[in-house]
Amino acid sequence: MSNPTTVVDESTSHEETPPPEMHEALALVQRIGGRDLLTKVIGLFRTTSEQRLGAMRAAVAGDERQQLSRLAHAMKGSAAQVGAESLRAVSATLEKEAVGLGPADLSARIDVMTIEVTNAWGQLEAYGRIEGGIA
Amino acid sequence: MKRIAIVEDNPDNRLLALALLEGLYECTEYETGIEALEGLERDLPSLVLLDISLPGMDGVETLAHLRANPALRHLPVIALTAHAMTGDREKYIAAGFDDYVTKPIVDESILLGAISRALEGAFAR
């Protein structure tokens with residue numbers, strides 16, 4: 001994987017209402033490992049999603065469509081694991097379409113992905129605070 | 001304690017699988033099919049959880065190598081996949097997997113049940 005760069009502006013992160021899929025996914029996490037595991041899962045998702053966004057930007061810049069599709073697949077899997085449904089859907093679409101899109105469209109998709117990642121972070125933070133007792 | 005090898009490239013998915021199984025099984029993690037094929041012979045598990053969409057050598061190809069290896073061919077292998085489409089179960093069973101569990105895991109009893117069945121089946125073989 002190429003060297004990731006920070007592409008999400010923390011100041012744009014905002015609280016969102018967690019979707020039903022997130023409640024379902026994270027209820028399992030809490031059942032298995034309580035607050036400690038919930039904290040780890042949310043923290044790891046933040047790290048991996050930010051790294052993948054950086055790698056996606058690099059893949060678009062290098063016109064590496066197959067790599068972009070693989071990264072979108074990985075983002076889809078991570079988003080599904082935490083129930084970030086909107087990010088999962090955007091990732092699934094990019095995974096399928098990355099190879100056939102033009103450069104401008106690819107950049108636009110990454111911009112949308114960035115917003116969805118930021119929203120997912122906000123949703124996870126809200127879930128952790130409300131349901132998980134994470135300060 | 002029985003030992004399970006988890007072959008999964010996504011660290012988010014691996015963390016949850018490990019959290020779910022630790023305490024019940026002794027787990028070893030592999031990120032790629034090639035790494036798993038090298039490691040499984042040295043550290044033979046009781047069962048393998050194998051992601052389908054691995055980078056490089058995918059899960060189906062990894063399984064084919066595993067089934068072709070006399071030291072590993074007897075191992076029960078459960079496919080882990082987000083490719084939940086009609087006919088997938090039959091496709092993966094036909095490819096040589098013992099069972100098939102879809103991701104994301106939202107009900108731990110599905111995975112734990114599949115593992116128990118596969119281990120019992122392996123014992124009966």
Side-chain angles (χ1 to χ4, degrees), chain A residues 1 4 19-52 55 59 64 66-85 87-89 91-92 95-96 117 120-121 124, chain B residues 4 6-27 29-35 49-62 78-85 88 100-116:
Chain A
M1 187 179 287
E21 292 84 356
M22 190 169 282
H23 282 274
E24 188 179 28
L26 297 184
L28 167 69
V29 171
Q30 287 187 285
R31 218 163 42 239
I32 298 170
R35 187 166 62 180
D36 285 351
L37 182 60
L38 182 63
T39 302
K40 278 187 196 170
V41 165
I42 292 173
L44 183 59
F45 175 80
R46 284 189 68 110
T47 302
T48 56
S49 57
E50 183 160 27
Q51 286 174 343
R52 288 190 187 119
E64 297 166 6
Q66 293 290 350
Q67 172 67 357
L68 183 59
S69 181
R70 282 192 290 271
L71 288 163
H73 173 82
M75 186 76 90
K76 179 184 75 174
S78 295
Q81 188 71 79
V82 297
E85 177 54 26
L87 176 60
R88 187 208 59 78
S91 303
E95 179 189 3
K96 282 184 198 161
V117 167
W121 288 1
L124 287 166
Chain B
I4 292 183
I6 303 168
V7 190
E8 165 66 77
D9 65 312
N10 190 326
D12 297 291
N13 296 150
R14 249 190 352 260
L15 172 63
L16 189 66
L18 199 60
L20 183 56
L21 298 176
E22 66 185 1
L24 300 171
Y25 301 99
E26 193 178 310
C27 296
E29 302 170 73
Y30 299 101
E31 290 187 33
T32 68
I34 292 170
E35 189 185 310
L49 294 178
L50 180 55
D51 181 31
I52 293 293
S53 295
L54 294 168
M57 184 190 292
D58 70 16
V60 173
E61 191 182 351
T62 301
I78 297 175
L80 289 175
T81 178
H83 296 222
M85 296 173 70
D88 273 359
Y100 160 97
V101 172
T102 56
K103 296 187 292 185
I105 298 163
V106 290
D107 180 352
E108 64 270 44
S109 68
I110 293 173
L111 177 62
L112 294 175
I115 290 171
S116 293

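Naming: A, B, ... by sequence-line order, numbering from 1 per chain. Note that the structure is predicted; figures quoted are calculated from it, not measured.
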Whether the B/D12 and A/Q81 side chains hold a donor-acceptor pair (N or O, under 3.5 Å, no angle test) is what I'd like checked. no
Can you name the nearest heavy-atom pair linking B/A19 to A/L37, along with the distance? CB-CD2, 3.5 Å
Among the options A/G77, A/A27, A/S49, pick out the one with the most heavy-atom pairs lying under 4.5 Å from chain B. A/G77
Looking at A/R31, I want to see if its CZ is surrounded by more than 12 non-hydrogen atoms of other residues, nucleotides or ligands under 6.0 Å. yes
How many angstroms lie between atom CG of A/L28 and atom CG of B/D107, to the nearest 0.5 angstrom? 8.0 Å
B/N10 side chain to A/S78 side chain, donor-acceptor N/O pair below 3.5 angstrom: yes
